[in-house]
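Everything numeric in this text was worked out from a predicted model, so none of it was measured. Reminder, nothing fancy here: chain letters follow the sequence lines and each chain counts from 1. Values below: every heavy atom of this structure, side chains too, minus hydrogens, waters and symmetry copies.
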Amino acid sequence: MFKSSRTVSKVRLLFQRSVSYNLPSIRLLDSLKSTESDLPGLFSNKTINELWYNRGQALVDNLNAQIIKNNVENAPANLEELIKVSFSKNDLNALFTNASLLHNLQFFLESLKTNEDRSFSKAQISALLKTPSTSIKVENAPQDESLAEWINDSFGSMVEFKTLLLNSAASIKGDGTTWLVAQATYSESAMRDGASTGVSFDTLAIVNTYNAGIVDDSMRSGQVTKMKHQKQLKLDAANRRDQERKEMAAGEVQEQGQAVEEVVQETQKRSISADENALGSVEEAEEVMLFSDRKLVPLLAIDASMRAYLEDYGIYGKRQYLENVWHCVDWDVVASRTPKRFKPSMVFEY
Amino acid sequence: MNLFDSKYSTDLQSQITLSCQILLSLQIHPLPLYACTHTQNFSTTTAPHMFTKIALAGRSSRRSQFGIIKRSLHDVPVLKKQPEFAQNGIAGLYSANGFKSAWSEYQKYLTTNLTLKTKGTQHETRTPFQIILLTSKNGLEQPIFHYASQAHNNHLFFELLTDKDAAAETVPSRFLMERLADENILTLQDLKDKIIEAANTLTGQGWVYLVERGDKSLKVVASNNDGTPYYFGRGASFDMNGAISESTYEQYEALKEQIKEDELDFTLPLLAINVWDVAFWADYGLNGKQEYLKNVVDCISWDVVNQRRFQI
């Protein structure tokens, strides 16, 4: 007994070494931590510690615990890959949740810079009654010309973009993240450059995700449809079989038609649960997989959860927090994440 | 206070028992009025001079048909032990500052926003509770629903709380324990464990309720974000972000069916626990959820829970 439990712990140790995750390092935050200073213009040192070093570490610990618990072998070292492989498996839901929360938080914090011109303090109740500014001047707008142009083309103008982005974040009541994403449509990409397999991104858009939600909805969407299809396939297979049985039975005993009907109905019910391994056709399988035509690539994330602003801005301070986030966005990071834009050489107006 | 002045409340209660039909025709559900009495969020203490002071009873009592409907600001209700809590906090759970943050400030935030969202709309004379019922089926009214639901739930929660020592002297009634036994909850400790377990199923913000359903059975349920116990379509009991299990899918399908058939929901909350960050960050830190949960289940006055059972 004693011996065997020792081997188990050894195996676990091995596991931990091979696929354990560490808290990713974020250069700006690490330097602030070592000097115990605030992130000027956005966060106090206490918030940085709570938000990233404590919460981030807790998420990493949960993640590692889940990997051990579920005996996940060869977990990919990359967090995004891990999310991709764990997303569609219901028994890995807790693993996915922790990985995704960590990824979203990291994505947000990595695109921040300091801004000495801004300050933060706890807001009073009067902040709720403040009239929004109507100024069309936007400070800290992206300097990268092609990014700025793409934003203007997609949202109308920089101020419209900023308003939409911050309002989307303000509308999240629980936990969540607001994203700027580049969007491509698979079917349109295929039409444009028939031979090449790449997708071409033509629009920028804003997306909200809640709790551990992920941006890429080619992974996310359609899970209910998928379930529905699976159920329908099982039902159809069972029906077909029962129909055959019924025909055979009807040939033998024509007179007892009604009784047979009842029996068939009953077996139908039973066989649905018994027949777990029914396979659909390839066509059906493709139909199930083709739920989303969109490809989204995240460029910028804003954490809109309460925990990001409670400490420094207070309960009434979400607006001020979001305004400060805008001023602390490092657009160079955003530009470096931006994929190549597809720009039609001709625009057809209908 | 307007609707539940003593002279109106007796009148109301006799109406509830005598003529449910009249109330139904007024689109006010007879059952939840009970809950309304202890979750009133209206107060005339803020700037009363701004509004005509005439009772709201015109809506529900036929006696004052020509009464002018009163409009008031939503404001933070006064708790029974408000002065004591404000000064010393709640022993075993909150410091004075923690109490201020989770109740005084957060409730002020919710009620102010609710006033702002409802002014000039059909909801402006309604209580948060009525607003919950009337907006829960309409997704477009989600912003209003959010503030009404949160304000109502937080009041349900804070009415329960009491000092740890005082809480230890109260127990769930025999009736309550008998019903809980059907759910395999045999002791008070079991119930506390169950509440903490439910709170830990939430990924983000949310609530844990002990609810009494139409058939008198009790259940501990967890709701994501601003989920309400009053309407199954807005219970928000599952998070569909990850891969869903077949049982979740079936629950979801069943829910769709229930909503389509306009099924009535007679569920009432007996107990609500706030599992939002705002309920604990001031005293326990942003990562202090577990410690907070451990303390909060020991500071519940079961006398209040016992009284909330639906009784005719």
Enquirer: Contact between A/Ile125 and B/Lys108 at the side-chain level, heavy atoms closer than 4.5 Å - yes or no?
Expert: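 When only atoms from C-beta onward are counted, B/Lys108 and A/Ile125 do touch, with a gap below 4.5 Å.
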Enquirer: With only heavy atoms counted, which part of A/Lys173 is less than 4.5 Å from chain B, the side chain, the backbone, both or neither?
Expert: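 Contact with chain B: backbone and side chain both.
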Enquirer: Which pair of heavy atoms, one from B/Gly204 and one from A/Asn211, lies closest together, and at what distance?
Expert: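 Looking at all heavy atoms of both residues, the shortest contact is CA-OD1, 3.5 Å.
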Enquirer: Measuring heavy-atom distances to chain A, does B/Ser101 have an atom under 4.5 Å in its side chain, in its backbone, in both, or in neither?
Expert: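 For B/Ser101, the contact with chain A is made by backbone and side chain together.
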Enquirer: Compare every heavy atom of B/Ile244 with every heavy atom of A/Asn90, then report the nearest pair and how far apart it is.
Expert: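 Heavy atoms only, the tightest pair is ND2-C, 3.5 Å.
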Enquirer: Given a strict heavy-atom distance threshold of 4.5 Å, which part of A/Leu129 is in contact with chain B: side chain, backbone, both, or neither?
Expert: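 Contact with chain B is through the side chain of A/Leu129 alone.
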Enquirer: Nearest 0.5 angstrom please: B/Leu286 CG to A/Arg55 CZ, how far?
Expert: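 Going from CG on B/Leu286 over to CZ on A/Arg55, the span is 9.0 Å.
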Enquirer: Checking B/Lys100 now: which residues fulfil side chain to side chain contact (heavy atoms under 4.5 Å, CB included) with it, not counting sequence neighbours?
Expert: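 Expected list: B/Ser104, B/Glu105.
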Enquirer: Roughly how far apart are B/Asp239 CG and A/Tyr210 OH, rounded to 0.5 Å?
Expert: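 So the CG of B/Asp239 and the OH of A/Tyr210 are separated by 12.5 Å.
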Enquirer: Heavy-atom pairs under 4.5 Å with chain A are the metric here; pick the option from B/Asn225, B/Asn287, B/Asp277 that has the most.
Expert: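 So the answer, after comparing B/Asn225, B/Asn287, B/Asp277, is B/Asn287.
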Enquirer: Heavy-atom distance under 4.5 Å to chain A: side chain of B/Tyr147, backbone, both or neither?
Expert: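 Side chain only.
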Enquirer: Can you tell me which portion of A/Asn54 sits under 4.5 Å from chain B's heavy atoms? Options are side chain, backbone, both or neither.
Expert: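 Both backbone and side chain.
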Enquirer: What residue in B/Val278, B/Leu116, B/Thr112 has the most heavy-atom pairs under 4.5 Å with chain A?
Expert: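 Between B/Val278, B/Leu116, B/Thr112, the count favours B/Val278.
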Enquirer: B/Tyr106, B/Trp276, B/Trp281: which one forms the most heavy-atom pairs within less than 4.5 Å of chain A?
Expert: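 Highest number of pairs under 4.5 Å: B/Trp281.
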Enquirer: Answer yes or no: is there a side-chain heavy-atom contact under 4.5 Å between A/Asp175 and B/Thr203?
Expert: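 No - every pair of side-chain heavy atoms lies 4.5 Å or more apart.
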Enquirer: In terms of heavy-atom proximity below 4.5 Å to chain A, should B/Asn224 be classed as side chain, backbone, both, or neither?
Expert: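 Answer is side chain: those atoms of B/Asn224 sit under 4.5 Å from chain A.
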Enquirer: Within this structure, what is the CD1-CG distance for the pair A/Ile315 and B/Leu110, rounded to the nearest 0.5 Å?
Expert: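 Nearest 0.5 Å value for the CD1-CG distance: 8.5 Å.
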